[in-house]
Asker: 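Let me begin by handing over the structure; questions about it come next.
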Amino acid sequence: MSGQPTTMEAWTKVRDEAGGFDLMVHDIPVPGPGEVLIQTKATSVCGTDIHIWKWDDWSRENVPLGTITGHETCGKVAGLGEGVESHAIGDMVAIECHLACWACPRCDEGNAHVCENGSIFGVHGNGAFAPYFVVPAVNARHVPAGLDPAHASIQDPLGNAIHTLTGGPVEGATVAVHGLGPIGLFAVNAAKAMGAAKVIAVDWDNTFRMELAKELGADVVLGKGDDVVAMILEATNGRGVDNSCEFSGSPTALSNSIRSTRMGGYVNILSVYGQGEPKVPMNEVVFRYLHLKGINGRKMWSTWDTMHDLLTRGAIDVDKVVTHRMPITAFREGVQLAMSGECGKVVLDFDA
Ligand SMILES: NC(=O)c1ccc[n+]([C@@H]2O[C@H](COP(=O)([O-])OP(=O)(O)OC[C@H]3O[C@@H](n4cnc5c(N)ncnc54)[C@H](O)[C@@H]3O)[C@@H](O)[C@H]2O)c1
Ligand SMILES: [Zn+2]
Ligand SMILES: [Zn+2]
């Protein structure tokens, strides 16, 4: 180990206030049994990182001061804990941030993404706005050979998009995507790549993202000036779409998505609703015989398999959604840019 660094500088949430991150010196972590040490290549900025930056009530309750945050990441295996045989030094991996116990009833039934004893890497414990981190080996997923680190790091939000889409039919189906943040944009592109017959993309006032959705293959793009429900019905022979995906966090969009889904159709909701409980038109859900489903994280590992396939085939245009790449030294600027909304995905590179 001589010549290897033993300490690192990492972006750390240190102060009980908005912002409140400093570059702090930490020991490079040592992988425990079943864990791997990863040398970070790229970490992207998630909406969750924005919540933590704003230091809202949820963040105060979930993120201990002193935590190195960042969870959408990829890198190279740099160390193996005792008993790890699934990985070798130098392997390129991307991280599934839901850490599961693999022993509770939810894990047993194939729903480890909602493990009863789960925690989130880079939220509840140290993460990847750091040059090194440790994770359980099972959470370090091998990436297709030669994949650009930016494409590898965004598999967490891309996986959110695919998990949401696949809560209903996609191939040959009409799909509406409500909310064109990075996850909604990935969903537009993935829905087309997975053979959707028609994709209707809806935002409120973010014309930058609406333009991107068009470039990513949306057949119809709607915004605040449009009667969203009427126009979705019009675009689907009066029926409504087969599969509505809600990524905006807006109660209006939730209501719109329920009212514009066909009889017996699917409404899949990834959004987290910030201000109060949204009003849900329940009678529409009942009389339209809708399947209403909450989505969390990614399926382990079927969502990852679908992503692996799409990325290997080059079927999705990740570069269009990744609008900005910056060095990790520009962490604060990267979070602020993501907060402005004048971007798709912002990726922070460690080799830049
Ligand atoms: N459940 C999970 O596991 C999970 C994981 C990650 C993110 N999320 C949630 O998913 C959502 C999407 O994340 P993101 O980072 O892509 O979002 P984002 O906040 O970057 O984007 C939301 C978009 O919705 C648009 N919007 C606002 N009102 C709208 C309306 N009435 N109709 C249509 N669009 C409207 C905004 O203009 C914006 O472009 C967020 O609510 C986030 O908290 C959930
Ligand atoms: Zn995330
Ligand atoms: Zn479990």
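Just follow the structure's listing: the first ligand is 1, and inside any ligand the first atom is 1. These values consider heavy atoms only, across backbone and side chains, with no hydrogens, waters or symmetry-generated copies. Throughout, residue positions are numbered sequentially from 1 according to the sequence presented.
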Asker: Once you restrict to heavy atoms under 4.0 Å, what part of Val228 touches ligand 1? Side chain, backbone, both or neither.
Answerer: neither

Asker: Please indicate whether any nitrogen or oxygen in His51 is less than 3.5 Å from any nitrogen or oxygen in ligand 1.
Answerer: no

Asker: Using the ring of each side chain (for Trp, its six-membered ring), is His113 parallel, tilted or perpendicular to His163, with breaks at 30° and 60°?
Answerer: perpendicular

Asker: Taking Asp22 first and then Arg15, would you say they form a salt bridge - that is, a charged N and a carboxylate O separated by under 4.0 Å?
Answerer: yes

Asker: So, regarding Gly47 and ligand 1 (criterion: nitrogen or oxygen to nitrogen or oxygen, under 3.5 Å), is there a contact or not?
Answerer: no

Asker: Looking from the Zn ion (ligand 3), what is the angle between SG on Cys115 and SG on Cys101, to the nearest 10°?
Answerer: 100°

Asker: Counting heavy atoms only, which of Trp204, Trp58, Phe208 comes nearest to atom 29 (C) of ligand 1?
Answerer: Trp204

Asker: Any atom of ligand 1 sitting under 4.0 Å from a heavy atom of Gly341?
Answerer: no

Asker: Inspect the contact between Arg262 and Asp242 and indicate whether a charged nitrogen and a carboxylate oxygen are less than 4.0 angstrom apart.
Answerer: yes

Asker: Charged N to carboxylate O under 4.0 angstrom, Arg298 versus Asp156?
Answerer: yes

Asker: Quick one: look at Lys224 and ligand 1, take heavy-atom pairs under 4.0 Å, and tell me if it's side chain, backbone, both or neither.
Answerer: neither

Asker: Determine, considering heavy atoms only, which of Pro182, Cys97, Pro157 sits nearest to atom 14 (P) of ligand 1.
Answerer: Pro182

Asker: Would you call Arg60 and Asp16 a salt bridge, using N to O less than 4.0 angstrom?
Answerer: yes

Asker: For His178, is at least one N or O under 3.5 Å away from an N or O on ligand 1?
Answerer: no

Asker: How about His71: does one of its N, O or S atoms come closer than 2.8 Å to the Zn ion (ligand 2)?
Answerer: yes

Asker: Just need the protein heavy atom nearest to atom 11 (C) of ligand 1, so name the residue and atom and give the distance.
Answerer: Phe247 O, 3.3 Å

Asker: Could you tell me whether Gly184 and ligand 1 have an N or O pair separated by under 3.5 Å?
Answerer: no

Asker: Taking 4.0 angstrom as the limit and counting only heavy atoms of Ala253, give me the atoms of ligand 1 inside it, by number and element.
Answerer: 30 (C), 31 (N), 32 (N)

Asker: Nearest non-hydrogen contact with atom 39 (O) of ligand 1 belongs to which option: Leu222, Asp203, Leu270, Asn206?
Answerer: Asp203

Asker: Starting from atom 21 (O) of ligand 1, locate the nearest protein heavy atom and write down its residue, its atom name and how far away it is, to 0.1 Å.
Answerer: Gly181 CA, 3.4 Å

Asker: For atom 26 (N) of ligand 1, which of the options Ala187, Ser248, Gly249 provides the nearest non-hydrogen atom?
Answerer: Ser248

Asker: Assess Glu72: does it contribute an N, O or S atom lying under 2.8 Å from the Zn ion (ligand 2)?
Answerer: yes

Asker: We want to know whether Glu246 and Ser248 form a side-chain donor-acceptor pair, criterion being a heavy-atom distance below 3.5 angstrom.
Answerer: yes

Asker: Output yes when the distance from some N or O of ligand 1 to some N or O of Thr252 is under 3.5 Å, and no in every other case.
Answerer: no

Asker: Provide, to 0.1 Å, the distance between atom 3 (O) of ligand 1 and the closest protein heavy atom, together with that atom's residue and name.
Answerer: Gly297 N, 2.9 Å

Asker: Please list the nearest protein heavy atom to atom 31 (N) of ligand 1 with its residue and the distance rounded to 0.1 Å.
Answerer: Ser250 OG, 3.0 Å

Asker: Note the single closest protein heavy atom to atom 6 (C) of ligand 1, along with its residue, its atom name and the distance in Å.
Answerer: Asn160 OD1, 3.5 Å

Asker: Can you check whether Asn296 has an N/O within less than 3.5 Å of an N/O in ligand 1?
Answerer: yes

Asker: Among Thr73, Val134, Thr69, Asn126, which one satisfies side-chain contact (heavy atoms from CB on, under 4.5 Å) with Phe121?
Answerer: Thr73

Asker: Do Lys13's NZ or CZ and the ring of Trp53 fall within the cation-pi criteria of under 6.0 Å and 45°?
Answerer: no

Asker: Here's a test for you: under ring pair (Phe, Tyr, Trp, His ring centres under 6.0 Å), which of Phe21, Phe129, Phe331 qualifies with Trp11?
Answerer: Phe331

Asker: Could you work out, with side-chain contact (heavy atoms from CB on, under 4.5 Å) as the rule, every residue matching Ala197, not counting sequence neighbours?
Answerer: none

Asker: In this structure, would Val36 and Val138 fall into the same cluster of hydrophobic residues linked by side-chain contacts under 4.5 Å?
Answerer: no

Asker: Does atom 16 (O) of ligand 1 have any protein heavy atom closer than 4.0 Å?
Answerer: yes

Asker: Does a salt bridge link Asp309 with Arg313, judged by any charged N lying under 4.0 Å from a carboxylate O?
Answerer: yes

Asker: Measure the spacing between CE of Met307 and OG of Ser302 and express it to the nearest 0.5 Å.
Answerer: 9.5 Å

Asker: Answer yes or no: does an N/O atom from Ile183 fall short of 3.5 Å to an N/O atom of ligand 1?
Answerer: yes

Asker: What is the minimum heavy-atom distance between Gly344 and Leu185, and which atoms define it?
Answerer: CA-CD1, 4.5 Å

Asker: To which of Asp49, Val114, Val272, Asn256 does the heavy atom nearest atom 42 (C) of ligand 1 belong?
Answerer: Val272

Asker: Does a salt bridge link Asp219 with Lys214, judged by any charged N lying under 4.0 Å from a carboxylate O?
Answerer: no

